[in-house]
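Lettering follows sequence order; numbering is per chain, from 1.
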Amino acid sequence: MPHYQPGLIEPKWQSYWNEHKIYRCEDPKESDPKERDSKSGTTSSRKKLYILDMFPYPSGFGLHVGHPEGYTATDIYCRLKRMQGLHVLHPMGWDAFGLPAEQFAIQNQIHPAETTKNNINNFRRQIQSLGLSYDWDREVDTTDPNYVKWTQWIFLQIYDTWYDHDLKKGRRISELPIPEEVQKQGFEAVRIYQDQHRLAYQAEVPVNWCPALGTVLANEEIIDGKSERGNHEVIRLPLRQWLLRITAYADRLLDDLDQLDWTESIKQLQRNWIGKSVGAEIAFPVVQQSGPSGTISVFTTRPDTIFGATYLVLAPEHKLVDEITHKDYRQTVQDYRVQAAKKTDFERTEMNKSKTGTFTGAYALNPFSQQEIPIWIADYVLVQYGTGAIMAVPAHDERDFSFAKQYQLPIVAVVNPPEKWFQQTKSTLENFREAYCEEGVSIQSGNFSGLKTGECKEKIIADLEKRGIGKKKVNFKLRDWLFSRQRYWGEPFPLLHELDNQGNRTGHIRPLSVSDLPLKLPDLADFQPTGTPDGPLSKVTDWVRVSIDGKNYLRETNTMPQWAGSCWYYLRYIDPKNEQEFASKEKLNYWLPVDLYVGGAEHAVLHLLYSRFWHKVLFDLGYVPTPEPFHRLVNQGIILGEMEYTGFQEAELVLSTEEGPLGSESKPKLKPTGKWISANQIDFNGEKATLKQRNDLPIAPISVNSAEVEKIEDCFVLKSNPAIRVDARSYKMSKSRGNVINPDHIITEYGADSLRLYEMFMGPLEAMKPWSMQGVEGVYRFLNRVWRLIVDEGAEVAKLNSFVTMDLPTSETLRILHRTIQKVTEDTENLRFNTAISALMELCNHLTASKTRSYPALRTFLILLSPYAPHLAEELWQVLGENGSITKQTWPVYDPALLVAETLEIPVQINGKLRVKLEVPAGIDEKELESLALADAKVQSYLQGKTIKLIKVVPSRLINIVVV
RNA sequence: GGGGCUGUGGCGAAAUGGUAAACGCACAGGAUUUAAAAUCCUGUGAGGGCAACCUCUUGUGGGUUCGAGUCCCACCAGCCCUACCA
């Protein structure tokens, strides 16, 4: 085997690892030495480490290069930690429920279970071909009935829980105190009361109904008003849905972020999503000709500005609109409501330049200014947030200000802006040109004038509470989690709806008992959505209808969303085969929390928030030992396609005729004229180019080779015509762009070790970085150099290179070796893989240059390399004549004494500028160094005629001489 | 509008407040070869000088410091997320 052939050695070692279960992770008991034979030296105090990858959705397209990035990072880290003697749990599994498999089933009449199985097999094959060190005995699959059983079981725990706001803790529904007046009304009332408090409850809510997918979607699954999957229209529709009361945990989800080792940006995203705001709820009495009738409750974060509330606005969907609307205004109000209902949330917010609304004819009394103020409806007020109504303070809120301007509503200043603001905005107290939204001192606010904002808020709230017309209130943007989907390929709810003798629902819910779990999906021949909000399961009537003890029930026909399975998979890895519990308490106590969780930032909010929520419920119920699941979180950066250079030419539109599948087709095409236009005159979105000044002239983007381009100043230009600038950037990988890199191809061409090494060498793990095929070749060449370092390429069989000797390393080699041990260890521990790899390259370069290559040094080098290029390291380990797997070796420890060279090069600065470098013996003291520097002829020449003001000596680093 | 991230060679990048550009790519020259590929050696931030060497350089402008890519302030540019949340 003369050459480095990853295609041969990689499968060989992969099957070796598999057969010998090299990466099997022992259970805590097994790893206790008392339970094991004595030849293993591990101790029970072996520290545990739980390293988790975000498991993939096994799509039909296979892995993309983003997957190996995170997976390789954790793999390298785990390999290091195992060799350092830690007890590492590092599993992998499949998030396998979800829409694509069902969509595929609808189109091709292939059961989603089958598609899923095939995709999983393909993903497993691809992942295994990367040489990742997972314990495959712990693989989980969210669609496996043995897994679904416990997803359903956890749902039932949530269903059986209510949130005690006093204790700030989820508790069993049986512990819910029932108020006496409810108790008096009997069993039925108690049941309803309990149902109202469960963490899983049903409600009629306006949902996002997507006709094309035949399902409702969660808010989070909608991007720009279209479905995240497939980009279909979404309309709003009220429906009976299951919701999970995640809002009960909002405060804890927010507060507990502080104890987590996550990046500040992810924490901030979660904070924004939870969106806590503190303010007041205030009741405004409605005034009508016939006298006051009822109140409108509003939420505000600025109760201090209530004297400036000159009108109220209700959301068009607000319950009280019909009630309060004056008969003269019924028609316009009704028209407006119809219009608003037609708009999606997106359209409402899209045209945020001009607000719309209409007057209801009704007035409310401002309880502080005592003014009668008009009540409007407008779609800039959202029904879902707060009370669905606001008090508008146009002087101190931008939105209210622009609405007031539009409809000529009065603007009254009640917070005094600073003089500077008046100048900048050219405003006066009587005439605001824009809203002043900062804090300040109250004015025109009766007894509350002169108070600072913070104090004023408190006083107003106190006054509200005293008068019984309002109270302090905390609001969250976070909504309860819409938990049901009208789909087939998801976990069925383990619930039965009781029917009365007429076959009508009684409202009683009967949860299945644990012994009835898992509730499996029925077989289905036809996967077409019903087209109604009832899911496909409703078609399976003999599955839906159930009789128990003479009572008739209907099964719940909704299924759970894809998030359900991923909410707790990290718990199942801990005890994946357990049939009695989702995981044993003892093992959970041992392994939790997850020490390091690596995955894409796209799950920053949803998956991580939902998981934390479930985890907290399980924590409250005593099933898991930690309040948080994931201690440290790292997001890998996305990998972009190769850098692309694009030039632009004037073009003309021509009709080109093409032979398509439907016969010949004529399509307008851009035909470049050859006349270049500089990129600074062009707007280019990556696909279409238009001239900045005018858009009637067709422009053709022309892909330009990097060899035809050079950089002048800040921009790239054509070498042939430097006046013409060229657009240069990297794009996200996408099928339509054709810049997708398939990991399988890289492995075939260069091997998995090259792919691993390249992805780690590209740059910092968390940074976004462009792919470069030449970079892959670079690391491939490095691995070849490593190969030749040890193997004799001229020989027929794998044989040691003749430079390899049994000599001890020279002192220089030893120093470089130990410096490399230090750097690789520290960098790998801090996930700085790119610099660890350069240290390995430097060592390799040094060893290659030596005529004699010391065996002990090579041996250590291979151990250092093994987490990064495990296949190559195993193979060369064998070539060196070592026995067993290199993965079982102990990680080397560097000797600080060996890091020090005999002489040092010390830079001498004069006034902070580097002038001379001195070669000095290591360990020289400050005084000696100083006199050596001053004695230097060149230093002296710089000191001619100057006075020394200061000599700063940093031992073993540098000298700075300050002169005047 | 809000929040965040990032600005260093031709490119990916590196640098506990202490020699800016390690390592890799690309490029150029040389060795090897009938030739090419592969490999090996040398050079490579910009400008000046025959040379030793000198000057400039981390988006811009200030500041702290003996010393700033790194810390502080202001600004500019790019990217990402989010968006009427009262």
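A:Ser772 comes within 4.0 angstrom of no nucleic acid atom, judged by non-hydrogen atoms across all strands. At a threshold of 4.0 angstrom between heavy atoms, the contacts of A:Glu777 with the nucleic acid are absent. Counting any heavy atom pair closer than 4.0 Å across all strands shown, A:Asn834 reaches sugar-phosphate atoms only and no base atom. Residue contacts shown for A:Ile951 are absent, as no nucleic acid heavy atom lies under 4.0 Å away. Residue A:Val954 is in base contact, counting any heavy-atom pair closer than 4.0 Å across all strands shown. Using a 4.0 Å heavy-atom cutoff across all strands shown, A:Lys949 reaches no nucleic acid atom at all.
Listed nucleotides: B:G10, B:C23, B:U19. Nearest to the side chain of A:Leu914: B:U19.
Distances shown here put every side-chain N or O of A:Arg729 at or beyond 4.0 Å from the OP1 or OP2 atom of B:C79.
Residue A:Val278 comes nearest to A:Lys472 through the heavy atom pair CG1-CE, 3.6 Å, listed as atom of the first residue, atom of the second, then distance.
Of the C1' atoms belonging to B:C25 and B:A36, the separation is 22 Å, rounded to the nearest Å.
Using a 90° window around 0 for the glycosidic torsion, B:G9 falls inside it and is classed as syn.
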**OP:** Fill in the dot-bracket string of RNA chain B, one character per base: . for unpaired, | for a pair to another strand, ( ) or [ ] for pairs within the strand, taking Watson-Crick or G-U pairs under 3.5 Å.
**Re:** (((((((..(((.....[....))).(((((.......))))).((((....))))..(((((..]....))))))))))))....
